[in-house]
Amino acid sequence: MSYQNILVETKGRVGIIRLNRPQALNALNQALMAELTQAVQAFDADDAVGCMLLTGSEKAFAAGADIKEMADKSFIDAYGGNFAADWHGIAQARKPVVAAVAGFALGGGCEIAMQCDIIIAADTAKFGQPEIKLGVIPGIGGTQRLTRAVGKAKAMDLVLTGRNMDAAEAERAGLVARVVPAASLMDEAMKVAETIAGMSLPSVLAGKESVNAAFESSLAEGVRFERRIFHSLFATEDQKEGMKAFVEKRKPDWKNK
Ligand code: HXC
């Protein structure tokens, strides 16, 4: 598959997608988002891939939706055409997606980082939802995912003032899992992705699905959902292998990667 706006490769069992519109700081246009969704779906369906990694450039993960492409849209273009309704491809992936973020992750850039499952940030990363300064609001889940990640106080602060958070503030707020020096961002993010890709896939899928259930259900429903999936994993060869390997003091040899 040849793409114009992203670069795609696999390293071991990690599927890597790099946003690649350097002239526009990886601004997200329709063409890039269609390619991103396609690439995520292809890795999700690929048995040789256990985890994905999404990244941008040193200067920008992505500076938001492409303002030049959006500027002239009318209400009917946006509403009638259901603008950006299909920009949720990452959130629909079953396999985990690690975001490696350096530089600007603004607007739609912050929103696609939040569609990923784990954000590893370089110390140069800047996160924000500046849409308010353009006369709009976030449109691909920003008001919802940011609020769930950092709580109402900081989400309101960011969404209503449009200010950016640096990596340290984003980590304190709970938006990012780890902050690392910019020079080691890809190494550190790859280590996380490789670790996940080296686990038994059914338990990885189950862990992701169960954590995500916390955002969609009451505590009692979520705990029940988790227990049912936990029970079901006892039907896998890998549960037998994982626990046997522990007892035998050796590394597990997963059957379902
Ligand atoms: C289109 C963009 C862009 C964007 C940057 N560029 N961001 N083009 N859409 N979102 C382009 C610039 O026009 C410029 O192109 C080139 O990239 C380099 O950007 P500069 O502004 O010259 O760089 P710098 O001075 O370093 O400033 C970086 C920046 C700034 C602070 C990130 O570019 C910026 O504020 N960008 C917009 C951020 C933003 O508002 N994002 C939210 C978008 S709305 P030229 O050709 O002029 O050199 C959104 C909605 C999401 O995301 C939901 C909708 C589905």
Side-chain angles (χ1 to χ4, degrees), residues 3-7 17-40 54-93 97 99-116 119 121-150 154-170 175-176 182 185:
Y3 297 109
Q4 310 304 313
N5 301 283
I6 59 173
L7 300 171
I17 303 172
R18 186 181 287 275
L19 305 175
N20 189 36
R21 289 189 73 210
Q23 72 284 7
L25 300 184
N26 294 332
L28 311 170
N29 61 12
Q30 196 62 49
L32 182 150
M33 290 307 292
E35 291 183 3
L36 178 58
T37 297
Q38 237 182 313
V40 167
L54 177 67
T55 194
S57 69
E58 258 175 50
K59 179 159 186 200
F61 178 74
D66 191 318
I67 299 167
K68 293 167 192 169
E69 194 179 72
M70 276 186 300
D72 291 332
K73 277 190 194 300
S74 65
F75 166 73
I76 201 65
D77 292 335
Y79 180 66
N82 215 4
F83 174 43
D86 55 350
W87 288 19
H88 296 263
I90 301 168
Q92 283 154 8
V97 185
V101 177
F104 297 109
L106 303 181
C110 187
E111 293 175 290
I112 62 168
M114 291 190 293
Q115 284 187 33
C116 297
I119 302 178
D123 49 14
T124 58
K126 288 192 171 50
F127 298 87
Q129 299 292 160
E131 290 90 343
I132 197 89
K133 297 195 223 166
L134 299 168
V136 291
I137 64 168
I140 42 172
T143 60
Q144 305 304 299
R145 288 199 178 88
L146 187 64
T147 307
R148 282 165 169 77
V150 306
K154 218 171 261 290
M156 283 291 189
D157 178 4
L158 293 176
V159 169
L160 299 184
T161 70
R163 79 170 176 91
N164 293 345
M165 272 196 297
D166 64 17
E169 183 181 359
L175 179 63
V176 313
L185 175 66

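Every number for a ligand or one of its atoms is a count from 1 in the order of the listing. Below, each value reflects all heavy atoms present in this structure, side chains not excepted, and no hydrogens, waters or symmetry copies.
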Do Ala63 and ligand 1 have an N or O pair less than 3.5 Å apart?
yes
For ligand 1, find out whether one of its N or O atoms is nearer than 3.5 Å to an N or O atom of Gly139.
no
Contacting atoms of ligand 1, where contact means under 4.0 angstrom from a heavy atom of [X]:
X      : result
Gln23  : 15 (O), 16 (C), 17 (O)
Trp87  : 55 (C)
Leu134 : 40 (O), 43 (C), 44 (S)
Glu111 : 51 (C), 53 (C)
Gly108 : 49 (C), 51 (C), 52 (O)
Phe104 : 28 (C), 31 (C), 32 (C)
Lys68  : 13 (O), 15 (O), 45 (P), 46 (O), 47 (O)
Pro130 : 39 (C), 40 (O), 41 (N), 42 (C)

[X] to ligand 1, any heavy atom closer than 4.0 Å:
X     : answer
Met70 : yes
Glu69 : no
Lys59 : yes

Side chain or backbone of Lys133 under 4.0 Å from ligand 1, or both, or neither, by non-hydrogen atoms?
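No part of Lys133 is near ligand 1 at this cut-off.
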Can you tell me which portion of Ala65 lies within the under-4.0 Å heavy-atom range of ligand 1? Options are side chain, backbone, both, or neither.
both
Atom pair CD/CZ of Gln115 and Arg145 - distance to nearest 0.5 Å:
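The CD atom of Gln115 sits 4.5 Å away from the CZ atom of Arg145.
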Atom pair CZ/OG1 of Phe61 and Thr55 - distance to nearest 0.5 Å:
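That separation rounds to 6.5 Å.
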Nearest option to atom 37 (C) of ligand 1, as decided by whichever heavy atom of Asn26, Leu28, Ile67 sits closest:
Ile67
Should Arg21 and Glu35 count as an ion pair when the cut-off is N to O under 4.0 Å?
no
Looking at atom 52 (O) of ligand 1, tell me if a protein heavy atom falls under 4.0 Å from it.
yes
Is the shortest distance from atom 48 (O) of ligand 1 to a protein heavy atom below 4.0 Å?
no
For the residue pair Trp87 and Phe83, categorise the inter-ring angle as parallel (less than 30°), tilted (30 to 60°) or perpendicular (more than 60°).
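Trp87 vs Phe83 ring planes: perpendicular.
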